[in-house]
Amino acid sequence: MSTHAIFRSPPAVNEPIHDYEPGSSARSRLQLRVEQMRNERIEIPLVIGGKDVTTGDLKQAVMPHDKEHVLADVHQGTAEHVQQAVDAAAKAWADWSRWPWEERATVLLRAAELLSGPWRDTLNAATMLGQSKTAHQAEIDAACESIDFMRFNVEFMTRIYEEQPISSRGLWNRMEYRPLEGFVFAVSPFNFTAIAANLTSSPALMGNTVVWKPAGTAMLSAYYLMRLFQEAGLPDGVINLVYGSGATIGDAAIGNPHLAGIHFTGSTPVFNGMWRTVATNMEHYRNYPRIVGETGGKDFIVAHPSADVDALATAIVRGSFEYQGQKCSASSRVYAPSNLWPALKERLQEQIATIKVGDVSDFGNYMGAVIDGASFKTQAAAIEEAKSNGQTEIVAGGGYDDSRGFFVDPTVIETRDPDFRTMREELFGPVVTTYVYDEKRWDDTLDLVDRTAPYGLTGAVFSADRAAAAHAQDRLRYAAGNFYVNDKPTGAVVGQQPFGGARASGTNDKAGSMWNLIRWVSPRSIKETFTPPQDYRYPFMDAEPDSAGT
Ligand code: NAD
C-alpha cells in the first residue's frame, strides 16, 4: 500500500450525549437491548489472531446488582494462551505496522461511527448490566467517551506526525514515528468501558499490535468491544483478547522478551507489582518497555469560606456518588470551612435522602451496586470503622446490603481527625469523608490537602474569591493532575481535559491527548544529503600562504 496525498482527517468533535428521557425512542431502544441481554446467557471465548478460542475453564460474568444472575460464561486463558496471543500479535505486526496511517485511522473512525449508531445500545447495555452503570453513566462512558477516544486520537496522531525537524540547505531531515518493536500489553480496569477501548486502540492506531487482558469484572463489555473492533475491519491479530487471572496472564505477558510496552489502568499496588516484574525481566527484553499506568486516587474537594454552598453540595453528591464512587476521579475527601458546614451538611442530607439506589434497568435509580463482594466488604468495613471511632460520625447514609446485589448507600462521614484512614486510603466506593476546618486556617488547610494522601489525580477548589482560588491552584500544583475550579473533579472529556495524575496516581501520560500516543512510537530521524561531499578535507586544512606572500 502506498499514499499519494497528504490527507487531512475529519475534524474530531465530542459525541453528543443521549438523554434517554421518558418517551424517547433512544430510551425504548436501550431498554429493549437491556432486556434482551438480561434474558440471555452467552458463552464468551478468547479472541486470538482473529479466531475464537475456547479453553473449557469457565468463569461467570454476573450482574453486581443481582449477583446470582449470570450474563455469560467466559473462557479463561493461561500462560499458553498469552504465548499464542504474542505470536498472533507478531504475525499481524509485520503487516499492520506498515499500513499507511490513514488506513489505520479508517478502522478507528469506522468503529466510532458503528458505536455512535448500531452498536451504541449493545455496548451501553453490556456496561449497564455487567458493571452496574445507570443508563446515563453507561452512555457517557461506553458510547460517548469511547467514540471520542477513537475520533480524537486520529487527530492527535496526525499532529504528532506533523511534528518535523528543520532542514538546512542541501538536505532533508525527516522524523518517522515508528510503531514500537514488539507487542503492547493492555490491561484494563472494570470501571470504564472507554478506558478499555482506549488502552487497546491507541497503541493499535499508532501501528502497534496488542495483547489485551480486561478486568474479570468487565468481561461482557470487553467481549462486545472486541466484536465492534472486528466489525470495523481491524485485521486479525492486531488486538488479541485474553481473559484470565491478573497474575497468570500478567506474569506471562510481562515475562515475554518481545514486550514493548504496558498500557495499564487500575490500582496502584497492581501497577507497582507489574513494574517490579518488568525490573526482574530487564535483561531479557529486546527493547526497554514503555510503561504507562494510570492508577489510584484520593481525590479532594476543598471549599474556601466564600464558596457557594449549593454548587458545593451538588459537586459533592455528583462527584462522590455517581457510578457509586467508582471513578478514579471521584471525590472521596472534602475539606469544608466551619462557617459553611452547617448549611452544607443540611443540603447534603436533604439531597442524599432523595437518592435511589438499585437495579440499573430501573431508570429512576441514580446509583447501582458496587462491583463485587470484595468492594462491598471494603465499603462496609470503612462505614463500621467510622461508626465505632470516637472522632467520626456518619452524617448521611451508612447502610449496606448484599442480600441481592452489592448495594451501599451514598455515605458521608464527618471526621475531626484529618488523618482518619478514610481521608487517606482509596476505598473506591460511595463513601466520602469530610473534615471541617477552622475557616481562618485556609493556608494550613491547603497544606493538609497536599500532604494527606499519597495520590495526585484529581481535585477541586470551590471559591467565590478569585485570589483564594488562584492561591489554591498554585499551592496544590502537584496534588492533582486534573484540577477543577468551581466544578466537580469527575467527568473529564476527551479533547477538553486530558486525563491523568502523578505521585501514586500514575505516570500522567494523559489519556485523550497526543501525550499518550507519543508513548506508543519510537521515532526515527532520517537525514538525506542531496549532493554528498566528494573530499574528506576541510578548508581550514589548506596550506597557509608563506610570509613572502607567495
Ligand atoms: P485492579 O488494579 O484491581 O485491576 C486492573 C487490571 O489489572 C485488571 O484487568 C486486573 O485483572 C489486572 N491485574 C490484577 N492483578 C494483576 C497482575 N498481577 N498482573 C497483571 N494484571 C493484573 O483495578 P480495578 O479494580 O479494575 O480498577 C479500579 C482501580 O483503577 C482504582 O484504583 C482506580 O483508581 C483505578 N483507576 C484509575 C484511573 C486513572 O485514570 N488514574 C482510571 C480508572 C481506574
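Counting convention: from 1, in listed order, for ligands and their atoms alike. One is the number of the first residue; the rest follow in order along the sequence. Fair warning: this is a prediction, and the values are worked out from it, not measured in the lab.
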Of Val211, Val210, Leu225, Thr209, which is the lone residue that meets side-chain contact (heavy atoms from CB on, under 4.5 Å) with Ile239?
Val210
Positive for side-chain hydrogen bond (donor to acceptor under 3.5 Å, both in side chains) with Gln131, one of Thr217, Thr193, Asp141
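Of the listed residues Thr217, Thr193, Asp141, the side-chain hydrogen bond (donor to acceptor under 3.5 Å, both in side chains) partner of Gln131 is Thr193.
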Please determine which of Lys377, Glu384, Gln379 meets the side-chain hydrogen bond (donor to acceptor under 3.5 Å, both in side chains) test together with Tyr400.
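Only one option passes, and that is Glu384.
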Are any of the N or O atoms of [X] closer than 3.5 Å to those of ligand 1?
{"X": "Met274", "answer": "no"}
{"X": "Thr265", "answer": "no"}
{"X": "Lys213", "answer": "yes"}

Just let me know how [X] lines up against ligand 1, side chain, backbone, both or neither, with a heavy-atom cut-off below 4.0 Å.
{"X": "Ser188", "answer": "backbone"}
{"X": "Ser329", "answer": "neither"}
{"X": "Leu457", "answer": "side chain"}
{"X": "Ile371", "answer": "neither"}

Any protein heavy-atom neighbour for atom 4 (O) of ligand 1 (distance below 4.0 angstrom)?
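Protein heavy atoms within 4.0 Å of atom 4 (O) of ligand 1 - there are none.
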Within the 4.0 Å heavy-atom shell around Gly250, which atoms of ligand 1 are there?
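So the answer, numbered in order with elements, is 19 (N), 20 (C).
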Which atoms of ligand 1 sit under 4.0 Å from any heavy atom of Ile195?
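Under 4.0 Å from Ile195, ligand 1 has these atoms: 42 (C), 43 (C).
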When you measure from [atom] to each heavy atom in [options], which option holds the nearest one?
{"atom": "atom 34 (O) of ligand 1", "options": "Glu426, Lys298, Gln326", "value": "Glu426"}
{"atom": "atom 17 (C) of ligand 1", "options": "Gly506, Gly296, Gly246", "value": "Gly246"}
{"atom": "atom 36 (N) of ligand 1", "options": "Cys328, Ser375, Pro189", "value": "Cys328"}
{"atom": "atom 28 (C) of ligand 1", "options": "Phe499, Phe428, Trp212, Tyr455", "value": "Phe428"}
{"atom": "atom 40 (O) of ligand 1", "options": "Arg276, Met219, Glu294, Lys510", "value": "Glu294"}

With a 4.0 Å cut-off, would you call Glu15 and Arg151 a salt bridge?
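Answer for the salt bridge query: yes.
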Basic-acidic side-chain contact under 4.0 Å: Arg38, Asp359:
yes
Just wondering, do Thr265 and Leu199 contact through their side chains at under 4.5 Å, heavy atoms?
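Yes, at least one pair of side-chain atoms sits under 4.5 Å.
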Regarding Lys213 and the six-membered ring of Tyr243, is the cationic atom NZ or CZ under 6.0 Å from the ring centre and inside 45° of its axis?
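The answer is no; the distance or angle limit is not met.
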Cation-pi, Phe428 ring and Lys327 (6.0 angstrom, 45 degrees)
no
